[in-house]
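Values in this document were obtained by computation on a predicted structure and should not be read as measured data. Per chain, numbering begins at 1; letters A, B, ... match sequence-line order.
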Amino acid sequence: MIRASISDLADLLSHEVEVRGWLARMRSSGKIHFLQLRDGSGFVQGVLELNAANEDLFEAAKKLRIETSLIVRGVVKEDKRAPGGVELQLTDLDAVQVPEKDFPINKPDHGIDYLMENRHLWIRTKRQADILRIRHEILKTIRQFYDDRAFTLVDTPIITGSIGESAGNCFEIDYFDYGKAYLAQTGQLYLEAACMSLGNVYNLGPTFRAEKSKTRRHLIEFWMNEAEMAYHGHEENIGLQEELVSFIVNAVLEECPDELASVGRDLSRLQNIVPPFPRMSYSEAVRFLQKKGFSVNWGDDIGGDEETVLAEGFEKPVVIERYPASSKAFYMQPDPDDETVVLCNDMLAPEGYGEIIGASERIFEKATLVRKIEEFGLDLESYKWYLELREFGTVQHSGFGMGIERVVSWICGLEHVREAIPFARTLYRIYP
RNA sequence: UCCAGCGUGGCUCAACUGGCAGAGCGUCCGGCUGUUAACCGGAUGGUUGGGGGUUCGAGUCCCUCCGCUGGAGCCA
């Protein structure tokens with residue numbers, strides 16, 4: 001008797017195995033039961049035929065319900081009728097726990113409110129498990145990408161003082177006698193400090209935005225990967241982003257073909273994602289949108305609909321660079337050729353998935369940074385340590401942040417980022 | 001926060017212009033030795049989100065509250 005994972009059964013033909021898992025679905029034709037089993041590694045159909053020797057077992061199996069946890073024993077048989085090519089001829093079965101109630105999710109016709117209310121159980125379904133497996137692959141690949149390039153992982157703090165872009169859209173918490181503290185919206189400023197020690201650094205973790213955003217692209221708590229590179233400028237920054245995104249897409253194509261197929265992704269839209277990506281300046285983008293009939297003027301923000309139009313002509317993500325200084329954060333390096341714009345870029349995913357990366361070269365001269373902080377009406381005192389980074393061996397440096405759930409949504413072809421994270425925190429939902 | 005929409009059995013939805021609350025799925029019982037969202041027969045299941053109003057009569061119209069969905073702004 002071999003204890004086996006379902007995913008390994010194809011290599012165990014004719015062996016007697018034990019599988020520990022759950023009953024995903026059950027059908028019966030009177031004298032033959034079909035038990036669809038899952039164990040986290042895959043699905044397999046267990047077949048139990050009534051015969052003189054197993055009447056008690058056959059009768060007991062009738063009492064099982066969907067999501068019964070159970071340990072089964074049987075012989076692995078090749079069968080062309082089975083989806084995975086193999087079946088289990090069951091010889092024995094122990095129910096660990098038989099549910100007293102019906103499993104709430106049993107047909108693919110539930111509404112999204114109901115599914116989110118039952119998210120803790122919804123993730124047991126194949127499609128949701130496949131999405132979470134792809135997410136895992138993406139996170140694993142991100143770490144591998146940086147590790148291959150000798151970047152150092154630096155875990156930036158989740159609780160911060162009143163530093164950041166503006167405290168208005170931060171979650172406030174009480175920090176003992178210190179007073180108010182905030183949940184991090186970004187680890188960037190800390191990565192800037194770390195890259196002056198370690199050269200090339202990255203982080204990967206949750207961030208929080210107390211914005212009442214209510215769209216298919218927004219979560220209150222989302223995961224972000226940020227990178228920061230010393231002695232790197234705008235061009236090298238974009239180059240690294242293109243490599244990273246291409247690396248992720250190709251790794252998922254390579255490692256998760258079954259999962260992508262089961263979530264219904266059109267793979268042709270993910271192939272040939274290799275550097276370089278199409279590129280456009282903000283000014284070009286505005287002229288392009290004006291030709292398409294949008295009423296945007298230079299200096300306006302580019303909204304969701306505009307982003308979709310900009311990206312739709314391309315198979316690869318599009319890089320939009322050099323936005324107006326007034327519309328971007330204070331720390332971005334002005335373009336030496338045109339001080340009205342800054343050396344920054346966004347990367348827009350194809351098919352309307354929107355901004356997946358925001359990036360910039362950072363101001364490295366203290367005097368320029370002080371001037372910008374004052375122009376933006378921010379408090380110099382609260383940027384004390386950030387300014388000190390420019391007092392001790394300051395160098396040109398650049399970095400970016402990539403939204404994990406948006407990348408997962410794009411690669412999986414999801415309608416909404418809430419399925420791209422195990423337990424989404426959205427504007428009006430914090431349960432389960 | 002603003003704009004729009006939705007709320008009817010456990011789930012997904014019908015119900016004309018205000019006139020007897022229905023179907024499919026699930027569940028339960030019975031049948032079926034190759035089912036894949038199995039199938040066939042029967043049964044079960046309702047304070048139409050809460051409150052108030054108009055009306056002979058409200059699931060339907062009005063007010064209000066609650067919940068949810070989509071979008072906007074902001075962003076990744």
Side-chain angles (χ1 to χ4, degrees), chain A residues 24-36 43-51 58 62-63 65-66 77 79-84 87 89 99-118 122 125-127 165-166 168-170 185-188 205-226 241 245 300-307 317 323 327-329 345-349 353-359 400-410 415-418 420-421 426-429 431:
Chain A
R25 194 172 291 281
M26 183 166 170
R27 300 176 203 90
S28 178
S29 296
K31 297 197 174 58
I32 180 167
H33 295 322
F34 299 98
L35 282 64
Q36 197 180 94
F43 289 77
V44 71
Q45 178 162 275
V47 181
L48 187 59
E49 289 174 279
L50 181 63
N51 58 46
F58 191 87
K62 285 183 182 170
K63 297 197 177 67
R65 305 175 83 128
I66 288 178
K77 290 265 170 73
D79 195 309
K80 290 195 176 68
R81 291 167 293 194
E87 289 185 337
Q89 286 290 333
E100 290 179 9
K101 294 188 283 189
D102 304 326
F103 194 66
I105 299 165
N106 42 41
K107 291 278 169 168
D109 67 343
H110 298 295
I112 190 61
D113 179 35
Y114 180 82
L115 290 169
M116 288 304 287
E117 195 72 12
N118 288 284
W122 187 23
T125 63
K126 179 162 163 51
R127 177 183 161 83
E165 291 162 36
S166 61
N169 46 8
C170 288
Q185 300 180 294
T186 169
Q188 180 200 315
T207 50
F208 308 87
R209 302 278 164 93
E211 293 158 0
K212 295 204 165 179
S213 300
K214 194 172 168 358
T215 79
R216 71 185 66 210
R217 300 184 305 279
H218 288 87
L219 294 169
I220 304 301
E221 173 183 298
F222 69 97
W223 278 56
M224 186 156 65
N225 159 235
E226 297 174 285
Q241 296 160 39
V245 170
D300 292 348
D301 283 323
I302 294 176
D305 289 348
E306 286 93 341
E307 284 183 357
Y323 284 70
S327 72
K328 286 287 178 177
N345 75 275
D346 285 353
M347 186 183 289
L348 310 180
Y353 282 95
E355 185 181 344
I356 52 173
I357 284 179
F400 61 88
M402 178 172 69
I404 302 302
E405 288 76 19
R406 288 191 184 171
V407 172
V408 175
S409 293
W410 165 47
E415 303 253 316
H416 198 296
V417 289
R418 67 186 153 216
I421 187 167
T426 54
L427 190 49
Y428 294 121
R429 178 175 297 286
Y431 175 93

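Side-chain to base pairing of S213(A) with C75(B): no donor and acceptor N or O lie closer than 3.5 Å to each other. Residue-to-nucleotide contacts include a donor-acceptor pair under 3.5 Å from the side chain of H218(A) to the base of C75(B).
Taking atom P in both G71(B) and U54(B), the straight-line distance is 40 Å, to the nearest Å.
When the C1' atom of C75(B) is taken as reference, atom OH of Y353(A) falls 19 Å away, rounded to whole Å. The interatomic distance linking D113(A) (CG) with C68(B) (C1') rounds to 5 Å, in whole Å. Put simply, CZ on F43(A) is 14 Å from C1' on A37(B), counting in whole angstrom units. The interatomic distance linking L115(A) (CG) with U12(B) (C1') rounds to 11 Å, in whole Å. In this structure, D305(A) places its CG atom 16 Å from C1' of C75(B), rounding to the nearest Å. If you measure from atom CZ of R418(A) to atom C1' of C68(B), you get 11 Å, rounded to the nearest angstrom. Between the NZ atom of K80(A) and the C1' atom of U35(B) there is a distance of 19 Å, rounded to whole Å. Taking atom CG of residue N169(A) and atom P of nucleotide A76(B), one finds them 10 Å apart after rounding to whole Å.
Summarising the base pairing, C6(B) is matched to G67(B) through a Watson-Crick or G-U wobble pair whose two defining distances lie under 3.5 Å. With both pairing distances under 3.5 Å, G46(B) is matched to nothing as a Watson-Crick or G-U wobble pair. Both distances falling under 3.5 Å, in either a Watson-Crick or a G-U wobble arrangement, place C61(B) opposite G53(B). Across all strands shown, A15(B) has no partner, as no Watson-Crick or G-U wobble contact with both distances under 3.5 Å is found. Summarising the base pairing, A37(B) is matched to no nucleotide, lacking a Watson-Crick or G-U wobble pair whose two defining distances lie under 3.5 Å.
Heavy-atom nearest nucleotides on RNA chain B were determined for V417(A) and for G304(A), and the one closer to the 5' end corresponds to G304(A). With RNA chain B read from its 5' end, the first of the two nearest nucleotides for T426(A) and R406(A) is the one closest to T426(A).
A donor-acceptor pair is defined here as one N or O able to donate and one able to accept, closer than 3.5 Å; no such pair exists between the side chain of Q185(A) and the backbone of T207(A). With hydrogens and angles disregarded, no donor-acceptor distance shorter than 3.5 Å links the side chain of H33(A) to the backbone of M26(A).
Taking every side-chain heavy atom of E355(A) into account, A76(B) is the closest of C11(B), G71(B), A76(B). Which of U69(B), C11(B), A37(B) sits closest to the side chain of R25(A) comes down to A37(B). Out of G24(B), C75(B), U69(B), the shortest distance to the side chain of D301(A) is found at C75(B). Of the listed nucleotides (U35(B), U1(B), G70(B)), U35(B) has the atom at the smallest distance from the side chain of R27(A).
Heavy atoms of K214(A) sit under 4.0 angstrom from at least one base atom. Looking at heavy-atom distances under 4.0 Å, L219(A) makes contact with a base. Residue contacts shown for R217(A) include a base, since a base heavy atom lies under 4.0 Å away. Heavy atoms of F222(A) sit under 4.0 angstrom from at least one base atom.
Remark: E100(A) does not engage R65(A) in a salt bridge, criterion side-chain N to carboxylate O under 4.0 Å. With respect to the salt-bridge test (charged N to carboxylate O, under 4.0 angstrom), the residues K77(A) and D79(A) do not qualify.
Residues L48(A) and F58(A) meet the side-chain proximity criterion, which asks for heavy atoms closer than 4.5 Å. With contacts defined as side-chain heavy-atom distances shorter than 4.5 Å, the pair W122(A)/M116(A) qualifies. With a 4.5 Å cut-off on side-chain heavy atoms, I66(A) and D102(A) do not count as touching. Taking the side chain as every heavy atom from C-beta outward, R27(A) and Q45(A) approach each other to under 4.5 Å.
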**Fill in**
Scoring nucleotides 27-34 of chain B by protein non-hydrogen atoms under 4.0 Å (B base, S sugar-phosphate only, - none) yields S----BBB

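The CG atom of L219(A) sits 7.5 Å away from the OG1 atom of T426(A) when rounded to the nearest 0.5 Å.
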